[in-house]
Amino acid sequence: MDFEFPLRELPAVMCGPRVERRRILLGGSAFWGTIVEEGAERGLLRLDDGRTVDPQTVVHLPPVEPSKIVAVHISYRSRSMETRNKPKPTDTPTYFTKPPTSLNGHGGQILKPADCRYLNYEGEYAVVIGRTCRNVLPDEAWDYIEGFCPALDMGLQDFRDTDQGSMLRVKGADTLLPVGPGIVRGVNLFAQTLRTYRNGRVVQEAHIGDETIWGPHYVIADIARHITLVPGDVILMGTPCHSRSVDAGDLVECEITELGRLSGMVVRIDAPRAAALGVGHAPGDSPEVRRVALGFDERVPKRFKENYRLAAHRQE
């Protein structure tokens, strides 16, 4: 079995031509379309009904409707070095889930409650399942992938000390998973570079092929040993080093070369009404919360720290 990199040969989902499918809101209805790759209309979105629109002028919806969202805890070497001080965090991958209600579209608002201090970005790529998948081998798993998307796995780290086992509130709150702008196939994922931006400055960067510990074929085969994956399901493949907190007013973006650039604006909202009554575990600022939210600066490149500092020009 081919678990390692580089792959012996590219799977069909990574072989051209490039195809990008987007889902947008137009006139109050949802439409699917395909980005035009060549000719005079290159860059426009051709809807399935034949019309063309400028994708910069429309509202983007998440290009997925999953029954489940499964996320890998750590799958980049730089992230493992930062958090564990070793290049591989565990012998095998570990996972958490996010509810489908956490989904958000390209250009959407990422909500930060007023009683939460630490909302961290994590730039990632998402794998979208294309057909029902159960009990497959890693080399077979490629045939069950519809394509790939940029994603922002945002997290309210204030709940890390109480929800570390489940990550339910940390990663599951509404709007905390922007995905898009579209689903892309026909691109060699392992030749791409992932970058996360805070207000236009690079705060994360990794060459996917160089840093990957477990590829999506291994992860899908692992999950599908016991859990059936169905079309539209999403696998989040982890983030490189330097996940840090952002403020209301910050523009957060994840760009993956040849896949696209996804954006979301952090917006402050009131604390939940039940918080004033003392319902549930209050957002915290414990040593465990700070360990994850603030990270380990001594284990990340200096340019990320400097860009992060320079990008913090807005105050809540």
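Given the structure is predicted, the values throughout are model-derived calculations rather than measurements. Atoms considered below: every heavy atom in the structure, side chains included; atoms not considered: hydrogens, waters and symmetry mates.
- Scanning all heavy atoms of the two residues, the minimum distance from L176 to V170 falls at CD1-O, 3.7 Å.
- Salt bridge absent: R185 and E20 never bring a charged side-chain N and a carboxylate O closer than 4.0 Å.
- Hydrophobic clustering keeps I145 apart from V128 (ILVMFWY residues linked when any side-chain heavy atoms are closer than 4.5 Å, directly or through intermediates).
- A salt bridge is defined here as a Lys NZ or Arg NE, NH1 or NH2 lying under 4.0 Å from an Asp or Glu carboxylate O, and R23 with E65 meets this definition.
- For the residue pair S263 / E253, no side-chain donor-acceptor distance below 3.5 Å is found, with atom types taken as modelled.
- For the atom pair T228 OG1 and N135 CG, the distance stands at 9.5 Å (nearest 0.5 Å).
- Under a 4.0 Å N-O distance rule, the pair R21/D48 qualifies as a salt bridge.
- For A221 against A141, the heavy-atom pair with the smallest separation is N-CB, 4.5 Å.
- In this structure a side-chain-to-backbone donor-acceptor pair under 3.5 Å is present from S102 to P99.
- When atom types are taken as modelled, the side chain of N120 and the backbone of S243 share a donor-acceptor pair closer than 3.5 angstrom.
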**Request:** Check step by step if side chain to side chain contact (heavy atoms under 4.5 Å, CB included) holds for C149 and L259.
**Result:** CA-CA 7 Å; C149 312; L259 290 192; over 6 Å; no
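- S286 contributes atom OG, which lies 10.5 Å from atom CD of Q157 (distance to the nearest 0.5 angstrom).
- Put simply, L168 and V70 are part of two different groups of oily side chains (I, L, V, M, F, W, Y) that touch within less than 4.5 Å, one to the next.
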**Message:** Could you walk me through whether F96 and H73 satisfy the ring pair (Phe, Tyr, Trp, His ring centres under 6.0 Å) test, starting with their C-alpha distance in whole Å, then the side-chain angles of each, then the deciding distance to 0.1 Å, before giving a yes or no?
**Reply:** CA-CA 7 Å; F96 62 94; H73 275 113; 5.1 Å; yes
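- Under the 3.5 Å distance criterion, the side-chain polar atoms of T57 are matched with a main-chain donor or acceptor of D54.
- Between the CE atom in M14 and the CG atom in N188 there is a gap of 6.0 Å [rounded to 0.5 Å].
- From L111, atom CG reaches atom OG1 of T175 across 4.0 Å, with rounding to the nearest 0.5 Å.
- Salt bridge status for D233 with K68: present, with a side-chain N to carboxylate O gap under 4.0 Å.
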**Prompt:** Can you list the steps and then say if R117 with K112 is a side chain to side chain contact (heavy atoms under 4.5 Å, CB included)?
**Reply:** CA-CA 8 Å; R117 180 174 181 178; K112 183 177 184 181; 5.7 Å; no
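- By the ring-ring contact (aromatic ring centres under 6.0 Å, His included) test, F304 pairs with H242, sequence neighbours left out.
- In this structure, R198 forms a cation-pi arrangement with Y308, its terminal cationic atom sitting closer than 6.0 Å to the ring centre and no more than 45° off the ring axis.
- Checking D250 against Y121 by side-chain atom types alone, no donor-acceptor pair falls below 3.5 Å.
- By the 6.0 Å contact criterion, CD on E298 is enclosed, its count of non-hydrogen atoms from other residues, nucleotides or ligands being greater than 12.
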**Request:** Decide side chain to side chain donor-acceptor pair (under 3.5 Å) for E124 and T239; before the verdict, give the C-alpha distance in whole Å, the side-chain angles of both, and the deciding distance to 0.1 Å.
**Result:** CA-CA 5 Å; E124 311 197 5; T239 196; 4.9 Å; no
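- Taking the side chain as every heavy atom from C-beta outward, M81 and P87 approach each other to under 4.5 Å.
- Side-chain contact between V219 and Y95 is present, with at least one heavy-atom pair separated by less than 4.5 Å.
- For the residue pair G28 and L25, the shortest heavy atom distance occurs at C-CD1, 3.7 Å.
- With Y118 as the aromatic partner, R160 does not meet the cation-pi criteria of under 6.0 angstrom to the ring centre and within 45 degrees of the ring axis.
- Inter-residue side-chain proximity for L177 and L152 is flagged as unmet; no heavy-atom pair is nearer than 4.5 Å.
- Using a 4.0 Å cut-off between charged nitrogen and carboxylate oxygen, R225 and D222 count as a salt-bridge pair.
- A side-chain contact (heavy atoms from CB on, under 4.5 Å) with M265 holds for exactly one of V252, L251, I110; it is L251.
- The same ILVMFWY cluster, assembled from side-chain heavy atoms under 4.5 Å apart, contains both Y218 and F190.
- If you chain together hydrophobic residues whose side chains sit under 4.5 Å apart, V187 and L189 fall into the same group.
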**Message:** Applying side chain to side chain donor-acceptor pair (under 3.5 Å) to T34 and R46, what does each step give before you reach the verdict?
**Reply:** CA-CA 5 Å; T34 304; R46 181 174 291 126; over 6 Å; no
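- Considering only heavy atoms from C-beta on, D143 stays 4.5 Å or farther from V136 through its side chain.
- Linking ILVMFWY side-chain heavy atoms closer than 4.5 Å, directly or via other members, places V64 and I24 in two distinct hydrophobic clusters.
- Considering all non-hydrogen atoms of both residues, P63 and P181 come closest at CG-O, 4.1 Å.
- We find that D139 and R8 are joined by a salt bridge, their nearest charged nitrogen and carboxylate oxygen being less than 4.0 Å apart.
- Here the closest non-hydrogen pair linking L119 and S245 is N-OG, 3.0 Å.
- N307 is not listed as a side-chain neighbour of Y197, based on a closest heavy-atom distance of 4.5 Å or more.
- Panel note: side chain T212, backbone W214; no donor-acceptor pair is recorded below 3.5 Å.
- Ion pairing of K98 with D153 is present here, as a side-chain N (NZ or NE/NH1/NH2) and a carboxylate O approach within less than 4.0 Å.
- Only one option out of R77, R299, R244 pairs with E82 in a salt bridge (Lys or Arg N to Asp or Glu O under 4.0 Å); it is R244.
- Rounding to the nearest 0.5 Å gives a distance of 11.5 Å between CZ of R42 and CG of L44.
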**Request:** List the steps, then state whether salt bridge (Lys or Arg N to Asp or Glu O under 4.0 Å) holds for R79 with E211.
**Result:** CA-CA 9 Å; R79 180 70 166 161; E211 281 214 30; over 6 Å; no
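- Considering only heavy atoms from C-beta on, Q164 comes within 4.5 Å of E288 through its side chain.
- Note that CE of M237 and OH of Y125 are 4.0 Å apart. Values are rounded to the nearest 0.5 Å.
- Side-chain contact check for I35 versus R22: some heavy-atom pair is nearer than 4.5 Å.
- In this structure, the side chain of E122 does not engage the main chain of G238 through any donor-acceptor pair within 3.5 Å.
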**Request:** Begin from the C-alpha positions of T52 and L47 and carry the test side chain to side chain contact (heavy atoms under 4.5 Å, CB included) through to its verdict.
**Result:** CA-CA 6 Å; T52 57; L47 303 182; over 6 Å; no
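- Closest approach of C241 to S78, counting heavy atoms only: N-OG, 3.1 Å.
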**Item:** CA sep, side-chain torsions, deciding dist, call: I213, Y76, side chain to side chain contact (heavy atoms under 4.5 Å, CB included)
**Value:** CA-CA 6 Å; I213 299 171; Y76 284 77; 5.8 Å; no
**Request:** Report the C-alpha distance between R309 and E306 in whole Å, list the side-chain angles of each, state the deciding distance to 0.1 Å, and finish with yes or no for salt bridge (Lys or Arg N to Asp or Glu O under 4.0 Å).
**Result:** CA-CA 5 Å; R309 184 187 65 81; E306 180 65 8; 2.6 Å; yes
